[in-house]
Every structure is written in C-alpha cells, then in structure tokens.
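Convention: sequence-line order gives letters A, B, ...; per-chain numbering from 1. Values in this document were obtained by computation on a predicted structure and should not be read as measured data.
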2 protein chains.
Amino acid sequence: MAPTPNHSTDMFIRKLGGAARLSDEEREAIAHLPVTVRPLGPHQDIVREKDRPSQCCLLLEGWACRYQLLSEGKRQIFSFHIPGDIPDLQSLHIRVMDHNVCTLSSAVVAFIPHEALLDLTAAFPAIAAILWRDTLVDGAVFRAWMTGLGRRTACEAVAHLFCELYLKLQAMGLARDYAYRLPLTQLDLGDALGLSNVHVNRTLRELRGKDLITLHGGTLEIYKWQELADSCDFDPAYLHLERRTA
Amino acid sequence: MAPTPNHSTDMFIRKLGGAARLSDEEREAIAHLPVTVRPLGPHQDIVREKDRPSQCCLLLEGWACRYQLLSEGKRQIFSFHIPGDIPDLQSLHIRVMDHNVCTLSSAVVAFIPHEALLDLTAAFPAIAAILWRDTLVDGAVFRAWMTGLGRRTACEAVAHLFCELYLKLQAMGLARDYAYRLPLTQLDLGDALGLSNVHVNRTLRELRGKDLITLHGGTLEIYKWQELADSCDFDPAYLHLERRTA
DNA sequence: CGTGTCCTTGAGTGAACTCAAAAACTGTGG
DNA sequence: CCACAGTTTTTGAGTTCACTCAAGGACACG
C-alpha cells in the first residue's frame, strides 16, 4: 500500500469519525486539501520547541510522540501517537511550539498547510467542532497520564498505558485479539511514565510474572484483559471513543 | 462589586483577549449571552464525573479546580482555575464529564447554556478560534504539570507551580509585586503535585529556608522571583500569554 | 563478526511515604 | 471575649518504592 494523497484523505475522514458524519460537500473539501506526503525514519523530529510551524502533520503510518527535554538529559514524553492522529494540531491556533514531536518508528506523514485547514474549518464549522473535540480528547488523555504519574504505582501506570493504547489502536482498526506492535524501548516507556528504564524493566517482569502480559520483540500481548484493567482501575470513559463504536 | 450579568460579560470579553480584538457585533453578541450568576461556597462541586452538563461555567470570583478521585481515597488535581477561566469548556464538545470541577474558596460563577455558546461560536468563527485556543493552552498547562509529576523533584515542582500561578494571576490583573492569595491547603497542593501533604510541608519549609518564598495565612510571597524561576527551570512560554501583554 | 543499542540483573542509596501525635489556626456559639 | 471543635500545619521516626551505578547478556545491523 503506497502512501498517496488519497490515503491521507481516507485517514482524515476516518479521523473525523467516518464518512457517515460528513456531507458530500465536506468530504469533497477534504479530498481537495493540498497535502504533502512524506516518509520519515525513526527518531526523527517533526516539529521542535520554539518552531512556528505553518502546517500540521497527519500521521499515516508508524508511531510518533510528543516530548520535552529538561536539564540533565531528563525527558518527559507527553503522548504517543498512532496513524490517524494529528499530533501538532494545536499549532493551528498556538503559534509557537512549546514541545517537540518526533517519530518513534519509521513513519509516513501527510503535511497539511495551516492556511488550508483554517479555510476548511471556517467554511465548515462542523469540521472545526470535530477537530476541536479531538484536541479536547487529547487533553483528557493528558489528565489520565497525570493521574498515573502522580497517584499510581509503577505497575498500575504501565498497565493503564497498555490498556489505553490497545483501545486507541483497536478503535482505528490497528489491533485486535489483545495484541499489538509497540515500537517503544523501555527507556521510552520510562520517560512517558516518570520511571527509570531499570524500573520499567522490573515492572514488566512483575506483570509477566502474573501472566498478565508479555512484551517481546516489540509486540505486546495481553493475556487477561479484564484482570489487567482491574489491576489499574482502568476506565475507558476518558478516551471518549463512543462515537466510533456507535 | 456585586456580581452582575455585566460583570460576566466584561470577564468573558477579557478572557477572549480584550475588547480590542473583537468587533462591535461580536461584543454585542457576548453581552446578550443568557448567563445565570450564582455564588457558591467553598469545596462545592460544580460538575461531576459522568454528568452530561448543558452549560459551561465562567468563574467570576474565587478559585476552582478540576480533579478525579481514585480508589483508596487518592485524589489527583488536574488544574487550578482563577477568575476568567471556564474550567468545563470541554463539555461544549464532549458530552460526558470524565472528571470533576469544584470550588476551592467561596466563588461566584456565571453559567452559560451550551446552546448559546454553540450559536455564538457558529456565528463568529473568530470567537470559536479563541475559545479553542484557550482549551489548547489548557492542554499546555497539563503537559507542564506532567513534567513536574514525572521528572521534577518536590522542590522544583512546587516552585514551578507557584511561578505558573503568579503569571496567570498577573495576566488577569489579580496579582502584582510577587505576592498573591492562594486559598489552597497543603493537601490540595500535594494532590496536584503527586506528593503527600507531609512532604509538601517539608518542601515549603525548605523553600522558606532558602528565603525564596513564604506561604502563610493563605498568602504566598515570592522574595526572589528570578532565583525561584531558575531553581525549577521555569520557562513561561507554555502559558502563551503574549497575546495579553501585547 | 564486531559494534552499538537495548535488556536484564544485582547491590546500595535516597527521596518521598506512612503513621502518629502535638501545635497552631479557624470559625462558631455561648 | 472566650471556650471548644474541627481543620490544617508541623515535627519525628521508621519504611518503602523507585533510583543510581555498574556490569553482563542479548539482540540487531552493517
């Protein structure tokens, strides 16, 4: 499947909740967005702190994340992104980037000029509302991570993240049967969860010991979904996915 | 100064970045929003998890916060809110609440029906964009807190929060001379920063020992702004306040 | 087949936690 | 104006979860 403008149109429409919700006119306008599709290697920055981007990137294939670097080499990862996500949608209304976006795996992204998106949202308030909503769900995921960082044990935080990612991937049709590709190092996981890579390792061992999951060769397998979810008080409400399953 | 509909109009316009940025027509529409002003006591819930609110609340006086309760009585506070904020603006586009909003001090809020806000944003895309932007800045603050929870020491996290709150209050004209009313208990601070109340207490003592701040009787005083900011790598960029100072 | 990255494990340390109790406030009613 | 109850702050002592440092093993890739 070669990445084409069509591919990105499909992805964009899927992101907006499926063609069913859009009028012909709206779909037409989306199909005519002037996108630039580009393949990227792993661990490549897409936008950087202090940049003033003039476009947004729609992730078509691969994984990306948002992060910030601190003094003494510390890093905080704010979110992981999968195909269909627009990790830097906020740049549409906030000029200056306050964090970085980079690929984790090799990836394919579609760049869409701000101008085109601003025209689109001005012409179609319904699309604006859906995109706005999307950034709000983003905020909900940030809050869930905050709870993990502040009030959950290492085990709970890791379990919670794995549950979240599974449901997000499943909703985009990218995972099923309680398993998925997870192209993250233990260091990445640690920087997302506020843990050291060593402790992530021990935590994974513990979860494996309870026969809840295995993470091996970049593939995560969940053996007991319900038990895993219960172990970390996982409540999927904050992902606000109902729109897709409906 | 009695709370009146006029007061809430002023506050709303101020929130949107000042009258200068709005057309007469836009200001007119805002002035005709059907608001309900209500005084509230301290520690009163405004909206709760799982609610499906039909209005948003604009905070006119006092402090509020967003939070979530976990098993075993744990609590995570996600944000603090000051006059001018609309803590539950997200309910405009996400039906079900995934967290709670409550007052911290006694407060005055103006409730605005969703319907009216949706009409307003549909009629005036510029207002929609400003409100959207506001929720994006919200997200930026969440990220800053994540960094604090994940990668900062207790001292740094506390200092960072105090810097953030000062700039936010100052931008709304509610603080100057490096001091402000902070109606939070040490338990509240702990639940925001992922610390125990005991450790918050020790951390405050440490900061006081360095003559950086005092927090006494609900008033925070910052003695050495620059040193405090440096001690926690505080970079105000993420607050995206430039709009107001310009 | 070597080099770099990532994972794994051990040992010792430290930041923050819990439990507990005393001291200082706050507000209320007598 | 004082007494009192409830909350909040403060301090001490002991514990624990997660960290750092260090080194060996596994794996991936050119």
Side-chain angles (χ1 to χ4, degrees), chain A residues 41-44 63 70-77 103-106 148-161 181-209 213-220 231-232, chain B residues 41-44 63 70-77 103-106 148-161 181-209 213-220 231-232:
Chain A
H43 307 114
Q44 224 171 306
W63 285 58
L70 288 90
S71 52
E72 299 159 52
K74 286 182 288 190
R75 179 174 63 149
Q76 178 67 49
I77 292 181
T103 58
L104 290 161
S105 62
S106 61
L149 289 162
R151 289 292 179 227
R152 276 193 252 270
T153 64
C155 246
E156 292 167 346
V158 170
H160 201 272
L161 178 62
R181 294 238 70 221
L182 185 69
L184 306 176
T185 67
Q186 296 181 359
L187 210 133
D188 293 332
L189 284 171
D191 284 341
L193 301 168
L195 302 170
S196 68
N197 57 340
V198 175
H199 201 60
V200 168
N201 187 278
R202 293 187 166 122
T203 305
L204 290 172
R205 174 148 51 97
E206 194 178 332
L207 290 172
R208 195 186 326 126
I213 59 141
T214 56
L215 175 54
H216 208 263
T219 297
L220 182 86
S231 78
C232 58
Chain B
H43 308 114
Q44 223 171 308
W63 286 57
L70 289 90
S71 51
E72 297 159 54
K74 285 183 288 191
R75 178 175 66 149
Q76 177 68 48
I77 292 180
T103 58
L104 289 161
S105 61
S106 60
L149 288 162
R151 289 292 179 226
R152 276 193 252 270
T153 63
C155 246
E156 292 167 345
V158 170
H160 201 273
L161 177 63
R181 294 236 72 220
L182 186 68
L184 305 176
T185 66
Q186 296 180 2
L187 208 134
D188 294 332
L189 284 171
D191 284 341
L193 301 168
L195 302 171
S196 68
N197 58 338
V198 175
H199 202 59
V200 168
N201 187 277
R202 295 190 166 120
T203 305
L204 289 173
R205 174 148 52 96
E206 193 178 334
L207 291 172
R208 195 185 327 129
I213 59 142
T214 55
L215 175 54
H216 208 261
T219 297
L220 183 86
S231 78
C232 59

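Residue order along DNA chain C, read from the 5' end via each residue's closest nucleotide, puts A:His216 first among A:Arg151 and A:His216.
Of all non-hydrogen atoms in B:Cys155 and B:Thr203, the two that sit nearest each other are CA-CG2, 3.6 Å. Annotation for B:Glu156 and B:Thr153: closest pair OE1-N, 3.0 Å, computed over non-hydrogen atoms.
Not a single salt bridge (Lys or Arg N to Asp or Glu O under 4.0 Å) links A:Arg202 to another residue, sequence neighbours left out. Judged as a side-chain contact (heavy atoms from CB on, under 4.5 Å), and not counting sequence neighbours, the contacts of B:Leu149 are A:Met146, A:Leu149, B:Gln76. With sequence neighbours left out, the side chain to side chain donor-acceptor pair (under 3.5 Å) criterion links B:Thr219 to no other residue. Partners of A:Asn201 according to the side chain to side chain donor-acceptor pair (under 3.5 Å) rule, which considers only residues two or more places apart in sequence or in another chain, are A:Gln186. A search for side-chain contact (heavy atoms from CB on, under 4.5 Å) contacts involving A:Ser106 returns A:Pro42, not counting sequence neighbours. A:Arg151 is linked by a salt bridge (Lys or Arg N to Asp or Glu O under 4.0 Å) to B:Asp191, counting only residues two or more places apart in sequence or in another chain.
Rounding to the nearest 0.5 Å gives a distance of 6.0 Å between CG of B:Leu182 and CG of B:Leu189. To the nearest 0.5 Å, the span separating CG on A:Asp188 from CD1 on A:Ile77 amounts to 5.0 Å.
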Strand DNA chain D in bracket notation, Watson-Crick/G-U under 3.5 Å with | for pairs to another chain: |||||||||||||||||||||||..|||||
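A 4.5 Å side-chain heavy-atom check between A:Leu204 and A:His216 finds every atom pair outside the cut-off.
Listed by residue number, A:Thr185, A:Gln186, A:Val198 are the residues of residues 183-200 of chain A with a heavy-atom contact under 4.0 Å to DNA chain C.
Taking the 5' to 3' direction, DNA chain D first and last meets chain A under 4.0 angstrom from a heavy atom at D:dA18 to D:dC21. Boundaries of the chain B contact region on DNA chain C are C:dA16 to C:dC19, first to last in 5' to 3' order (nucleotide atom under 4.0 Å from a heavy atom).
Within the 4.0 angstrom heavy-atom criterion, base atoms lie near A:Arg202.
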Audit row: B:Leu193, B:Arg152, side-chain contact (heavy atoms from CB on, under 4.5 Å) steps and yes/no: CA-CA 10 Å; B:Leu193 301 168; B:Arg152 276 193 252 270; over 6 Å; no
Check against side-chain contact (heavy atoms from CB on, under 4.5 Å), A:Thr185 and A:Leu104: CA-CA 9 Å; A:Thr185 67; A:Leu104 290 161; over 6 Å; no
